[in-house]
Amino acid sequence: MLAGVIAKFSRVLRTPDVPSTDGQAPARTEGRPKNESAKTSPTPERAETPKEFGAPIALIMWATTGCLTVFLTTVSLPHPVQLIFASVTLVAMALMLSVAKRWRRRDAILDHLRTIVLVLGLVLTLRYISWRILYTVNFHDLASFVGALSLLAAEIYGIVMYFLGAVVNAKPLHRPHRPLDESDIPTVDILIPTYNEDDAILEVTVLAATQMDYPEDSFRVYLLDDGGTLAKRQQQDLDATAEAWNRQIRLRALCQRTGAIYMTRDDNRNAKAGNINAALPRISGDLVLLLDADHVPSADFLANTVGEFQADPDLFLVQTPHRFVTPDPVEKNLEVHRKMPGESEIFYRIVQHGLDAWHSSFFCGSAAILRRRHLDEIGGLSGETGTEDAETALRLHAKGYKSAYVGKPMVLGLQPETFTGFIGQRCRWAQGMVQLFLRHYPLLKPGLRPSQRLGYLNTTLFWFFSYARLIFLLAPCAFLLLGLKIYDANLEQFLYYAIPHLVGTLITANLLFGRARWTLVSELYEMVQSVFSSLAVTRTLLNPRSPVFTVTDKGERLEEDFVSPMVGPFYLIFLVLIASIVVGYFRFQMAPGQREVVLITAGWAMLNLVILMAGLGALFERRQLRKAPRVYLAKPLDGVIQINGVFVGCILLDISMGGARIRVHDDDVAHLPIEGRGVLEVPIPGAGGNAMLPVRMVRDHGKNGVSLALERRSTTVKRWVIALAYGNSDNMAWGVERDRTTPGILGGMALFISLAIRQATDHFVFLVRAAGRFLLAGLDQLAPTARSMPDRIRREGDELEIIEKIDTGSRGAVGGFGRERASQRSTA
């Protein structure tokens with residue numbers, strides 16, 4: 001009965017909301033010719049958008065479902081019955097998870113299965129937390145009671161986030177493609193704000209932006225330079241002034257070479273938001289596409305997004321995913337890039353679709369188009385918080401305007417190379433979202449829909465995770481080391497209530513996020529951020545108006561392996577966990593009455609230790625020498641390579657601004673020279689021409705694989721490379737690398753444990769070797785002195801013998817010479 005009610009309610013809640021037919025796209029400012037290569041449609045397809053609940057039938061079903069959930073949650077059951085109930089529920093959830101994983105179609109049946117699993121998981125969680133509050137928190141002493149309440153608060157926070165995440169992501173919205181209506185093409189201004197990024201990074205982004213598959217006179221590209229402002233060029237520091245002047249000269253030349261327009265301003269107020277707002281009065285496009293300096297767009301970006309604005313005049317934003325061509329430091333240091341999904345993938349691949357279903361997908365700062373007249377209504381981008389993007393979206397949502405999330409990845413960006421840069425970026429996000437929570441409290445923000453309030457609450461409240469994560473990390477140590485009684489439960493009760501809740505949570509998380517997140521990986525990312533993020537959030541709570549914007553360095557090169565300088569707190573926590581487990585062993589042996597509690601807390605501490613060991617692996621910085629990121633082609637391209645006058649058929653597998661990798665046809669491999677220079681000719685998809693790349697052979701990979709280096713990098717050659725690598729958005733799709741697996745719950749846990757052990761071992765082996773090299777270096781410095789010691793001892797021995805002879809009166813043998821040496825020795 002519960003399933004039927006939920007299914008009916010889901011249909012009511014998600015009834016399509018057809019946009020009004022009288023909405024017209026913004027008028028053109030000037031006549032523009034049609035672009036024959038752009039996709040057209042006389043009547044754009046209407047995307048499905050959810051209808052806000054409010055009908056009486058929907059409210060009745062909500063109330064019925066809520067009553068059934070409350071009944072199943074609060075009914076008192078004997079322990080054997082509770083065990084049977086939890087077991088049956090978990091088996092049902094596991095079976096439905098298995099069916100949902102194998103279901104190939106996105107339809108109502110799949111949505112109903114997901115909803116049933118979510119509700120069953122919620123019932124297990126609510127039964128656990130009600131038992132937890134009623135029976136496991138007791139007053140023993142003040143310290144224990146404070147610890148117990150802290151742990152309970154952390155668990156309640158986690159359950160609230162679990163509930164919000166389940167609601168937001170229960171039925172994500174995947175919008176169908178809206179092709180362009182070429183009868184009225186809006187003008188677009190592409191803005192690329194920059195501060196200190198390398199010229200090579202900027203050149204790739206600017207070149208790609210100027211190669212959009214869009215009517216040529218309907219878009220312009222602007223490079224907004226905040227590193228060459230008037231204030232920067234008038235500093236008292238002469239070196240800094242010279243660098244600002246040089247940067248402006250270089251970037252002006254870059255814009256002239258690529259066809260972009262250079263802009264700067266007088267000062268650097270309000271950082272990125274101020275930079276963009278200073279440009280808005282100087283541009284006139286109907287739409288504004290914002291790109292971070294390292295976010296390289298595909299040629300079809302505008303063709304795949306502008307149609308949304310043509311169909312809905314109240315749409316202020318189209319956000320697209322941020323896809324990254326380089327790994328984040330955790331992926332890189334754990335050596336799981338192209339195997340394990342990165343941290344951001346869960347948000348852009350899953351969560352934003354869920355937020356879109358609740359009318360609350362928001363602006364993420366880049367890879368997004370905004371309607372200019374809507375920005376003008378609020379005076380441009382907001383700048384009160386460190387996350388000007390989400391703040392801008394919140395203000396426009398509160399005005400009743402709409403956003404859309406197009407889940408097709410159409411940019412490739414760069415991640416921070418070092419753990420220090422990664423943490424700095426995440427701390428800025430945390431501070432900005434906490435500012436948004438404190439200064440624009442979503443639950444009370446006038447103008448927001450109820451669904452939007454939940455969506456923004458979920459987004460902003462998430463960033464308080466650092467406090468809960470630290471409590472979970474140290475809570476078992478409070479009992480094992482200090483004897484604090486913070487969780488009054490025996491092993492039997494723990495198995496009846498806590499284990500079903502934990503297993504149900506794993507099943508639910510795997511159902512919602514399994515494609516984009518392995519088991520325990522969220523815990524890893526939260527743990528490595530929590531120490532520093534908690535400090536950043538605390539500073540924001542104490543001063544919500546403090547500025548937090550910082551620029552994240554991109555495109556760095558790491559010449560050698562090293563341990564991150566931020567590792568200190570994790571060593572301390574590692575020692576505390578080890579000490580807790582050791583003390584727990586002795587407690588188990590010496591206090592039979594506490595054995596059940598010791599088993600629970602020691603097991604918890606060991607799980608924390610495994611996560612921390614993976615974190616230590618993430619803090620072991622691996623060298624990264626490749627400066628030009630490699631882009632894998634979704635569909636390898638057939639081409640011809642000419643080396644030393646020999647023509648050989650080949651297939652282009654991947655390409656970067658520095659080179660390419662090809663596979664030679666089996667019939668031609670015998671004719672390929674061992675080394676040499678030549679030209680790689682490959683057709684450019686959709687462009688009707690061929691790229692002629694001057695290359696040099698640098699490595700033979702065996703099995704017909706060959707690596708090539710680009711010989712000359714003229715602007716024309718760079719445009720060819722960009723067209724091959726970034727021009728086709730299919731190369732940016734999720735999983736293009738083709739060797740990523742989805743291991744499931746148990747498989748993911750096993751892989752995580754093996755990864756943690758291996759990477760922590762590498763970390764400590766590196767430390768031992770570094771200590772050994774340090775000692776050897778010290779011995780090498782002492783070696784010259786050590787080698788001279790025998791001669792010095794021999795000389796000093798002769799002198800001592802002479803002095804002894806003098807003192808004993810044996811003067812005949814030494815004469816005046818002996819007295820002179822003795823005198824010198826005495827004086828010395």
Side-chain angles (χ1 to χ4, degrees), residues 90-103 110 113-114 117-118 120-121 124-125 158 161-162 165-166 169 172 324 327-351 354 462 465 469 472-473 498-530 603-618 734-762:
L90 289 175
V91 170
M93 292 177 67
L95 290 175
M96 283 184 280
L97 172 65
S98 179
V99 172
K101 289 286 186 180
R102 289 166 171 77
W103 203 264
L110 177 60
L113 285 175
R114 289 164 60 93
V117 172
L118 295 179
L120 292 178
L124 291 177
T125 294
M161 295 309 303
Y162 166 62
N169 297 287
F324 297 100
D328 66 46
V330 176
E331 290 179 89
K332 175 176 68 71
N333 296 336
L334 293 180
E335 300 176 316
V336 293
H337 185 45
R338 300 180 57 223
K339 299 175 184 177
M340 183 185 79
E343 183 196 27
S344 62
E345 189 167 328
I346 190 174
F347 177 75
Y348 290 108
R349 192 174 179 181
I350 308 292
V351 175
F462 165 79
F465 72 84
R469 182 56 54 192
F472 292 146
L473 193 61
I499 295 299
H501 154 64
L502 295 174
V503 175
T505 302
L506 288 174
I507 293 175
T508 301
N510 192 261
L511 173 71
L512 295 176
F513 311 118
R515 291 178 300 157
R517 184 56 53 87
W518 286 4
T519 306
L520 296 181
V521 171
S522 290
E523 285 72 15
L524 167 63
Y525 274 103
E526 291 181 7
M527 187 272 295
V528 297
Q529 297 178 55
S530 59
W604 186 0
M606 292 181 68
L607 176 62
N608 286 339
L609 183 63
V610 169
I611 298 171
L612 183 62
M613 289 169 66
L616 291 177
W734 306 114
V736 165
E737 295 85 352
R738 293 182 300 279
D739 59 355
R740 180 175 294 170
T741 60
T742 303
I745 297 175
L746 297 179
M749 191 172 296
L751 287 172
F752 186 91
I753 293 172
S754 64
L755 179 71
I757 295 172
R758 183 173 70 254
Q759 296 298 333
T761 300
D762 287 351

What closest approach, in Å, do Ala92 and Leu120 show between heavy atoms, and which atom pair accounts for it?
CB-CD1, 4.4 Å
Check whether any side-chain heavy atom of Ile745 lies under 4.5 Å from a side-chain heavy atom of Val503, and answer yes or no.
no
Just wondering, do Leu751 and Thr519 contact through their side chains at under 4.5 Å, heavy atoms?
no
Measure across Phe752 and Ala614 and return the closest heavy-atom pair with its distance rounded to 0.1 Å.
CZ-CB, 3.7 Å
Which pairs with one or both residues in residues 519-529 pass salt bridge (charged side-chain N to carboxylate O under 4.0 Å, His left out), sequence neighbours excluded?
Arg469-Glu526
Heavy atoms only: give me the nearest Asn169-Ile350 pair and the separation to one decimal.
OD1-O, 3.7 Å
In terms of relative ring orientation, are Trp604 and Phe472 parallel, tilted or perpendicular, with 30° and 60° separating the classes?
tilted
Residue set satisfying salt bridge (charged side-chain N to carboxylate O under 4.0 Å, His left out) with Asp328, at least two apart, ordered chain then number -> none
Value rounded to 0.5 Å, distance of CG in Leu609 from CG in Leu473:
10.0 Å
Any non-hydrogen side-chain atom of Gln529 less than 4.5 Å from a side-chain atom of Phe465?
yes
Identified side-chain contact (heavy atoms from CB on, under 4.5 Å) counterpart of Asn510 within the set Val117, Leu97, Thr505
Leu97
Rounded to the nearest 0.5 angstrom, the CD1-CG distance for Ile507 and Leu502 is 11.5 Å
Would you compute the distance between atom CZ of Arg349 and atom CZ of Arg517 and round it to the nearest 0.5 angstrom?
12.0 Å
Between Ala516 and Pro341, which heavy-atom pair has the shortest distance, and what is it?
O-CB, 3.2 Å
About how many Å separate CE of Met96 and CZ of Arg114, when rounded to the nearest 0.5 Å?
13.0 Å
4.5 Å side-chain heavy-atom contact, Met93 and Pro500
no
Would you find a donor on one side and an acceptor on the other, under 3.5 Å apart, between the side chain of Ser530 and the backbone of Met527?
yes
Rounded to the nearest 0.5 Å, how far does CG of Asp762 lie from CG of Asn333?
11.0 Å
Taking C-beta and beyond as the side chain, do Ile753 and Ile757 meet within less than 4.5 Å on heavy atoms?
yes
Where is the tightest heavy-atom contact between Pro172 and Gly354, given as atom of each residue plus distance?
CB-N, 3.8 Å
Distance-minimising heavy-atom pair for Trp518 and Lys339
CZ2-O, 3.5 Å
Would you say Ser754 and Arg758 are linked by a side-chain donor-acceptor pair, where the criterion is simply a distance under 3.5 Å?
no
Do Met749 and Leu506 make a side-chain contact, defined as non-hydrogen atoms from C-beta onward lying under 4.5 Å apart?
yes
The reported gap from CD in Glu331 to CE in Met340 (rounded to nearest 0.5 angstrom) is 5.5 Å
